[in-house]
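Read the structure below first, then the notes.
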Amino acid sequence: MPHYGWNDCPLAIKRQVQALADELVDLLASNLIGVYVHGSLAMGCFNPRRSRSDLDLLVISRARLGLDAKRALAELLLRRSRAPRPIEMSVLAPGDFIPWQYPTPFDFHI
């Protein structure tokens, strides 16, 4: 079975992640610090033939999100997930990881 990392993953996967990242830039504007791929796609073991293989994204924001932003993110993920792969995304503000703690809290997860 093929396994992929970000550099050699199918084009449809890259397009899905890039389209979501572009929409996150629009949605979160100056509150967005970055969007990062993690999990199996970042580690080179993403397998699109496995039904449980999803795309894991980590979003870092400057400040915690308000209810309207969380609702908009949920709607965005509902539109973008499963086209072609499901997406799992966590949003963290600096207070969630500075200082580091485990398990890591999050501001929003879907």
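Predicted, not measured: the structure shown is a model, and the values here were computed from it.
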With a 4.5 Å cut-off on side-chain heavy-atom distances among I, L, V, M, F, W and Y, is there a chain of contacts connecting L76 to V37? yes
Roughly how far, to the nearest 0.5 Å, is the CG atom of L65 from the NZ atom of K70? 6.0 Å
For the atom pair OG1 (T104) and CG (D96), what is the distance rounded to the nearest 0.5 Å? 8.5 Å
Tell me whether I110 shares a hydrophobic cluster with I87, the cluster being built from Ile, Leu, Val, Met, Phe, Trp, Tyr side chains joined at under 4.5 Å. yes
Give a yes or no on whether F108 and V35 share a hydrophobic cluster (residues Ile, Leu, Val, Met, Phe, Trp, Tyr; joining criterion: side-chain heavy atoms under 4.5 Å apart). yes
Sub-4.5 Å side-chain heavy-atom contact between Q16 and R85: yes
Under a 4.5 Å cut-off applied to non-hydrogen side-chain atoms, are L28 and V59 in contact? yes
Tell me, which pairs form a ring pair (Phe, Tyr, Trp, His ring centres under 6.0 Å) where one or both residues lie in residues 19-74, sequence neighbours left out? none
Flag the pair V17 / W6 as yes when at least one side-chain heavy-atom distance between them is below 4.5 Å, and no otherwise. yes
Closest heavy-atom pair and its distance - S30, R62: O-NE, 2.7 Å
Step-by-step side-chain contact (heavy atoms from CB on, under 4.5 Å) determination, L73 to L24: CA-CA 8 Å; L73 276 178; L24 288 167; 3.2 Å; yes
Just do the side-chain contact (heavy atoms from CB on, under 4.5 Å) check on I13 and L41 with the steps written out, would you? CA-CA 10 Å; I13 300 296; L41 190 57; 4.0 Å; yes
How close do D54 and S40 get, heavy atom to heavy atom, and via which atoms? O-OG, 4.1 Å
Within this structure, what is the CG-CZ distance for the pair L57 and R80, rounded to the nearest 0.5 Å? 12.0 Å
Distance-minimising heavy-atom pair for P48 and P2: CD-O, 4.5 Å
Roughly how far, to the nearest 0.5 Å, is the CD1 atom of I60 from the CG atom of L92? 5.0 Å
Look up atom CZ in R64 and atom CG in N31, then write down how far apart they are to the nearest 0.5 Å. 11.0 Å
S81 versus P86, closest heavy-atom pair with distance: OG-CA, 3.2 Å
Indicate yes or no: at least one non-hydrogen side-chain atom of V91 is less than 4.5 angstrom from one of H109. no
Does R15 have more than 12 heavy atoms from other residues, nucleotides or ligands lying within 6.0 Å of its CZ? no
Over all atoms of both residues, closest heavy-atom pair of S53 and N47: CB-O, 3.0 Å
Which heavy atom in H3 sits nearest to a heavy atom in D8, and how many Å separate them? O-OD2, 4.4 Å
Do you reckon I33 sits in the same ILVMFWY cluster as L58, going by side-chain contacts under 4.5 Å, direct or chained? yes
Check whether any side-chain heavy atom of L20 lies under 4.5 Å from a side-chain heavy atom of L55, and answer yes or no. no
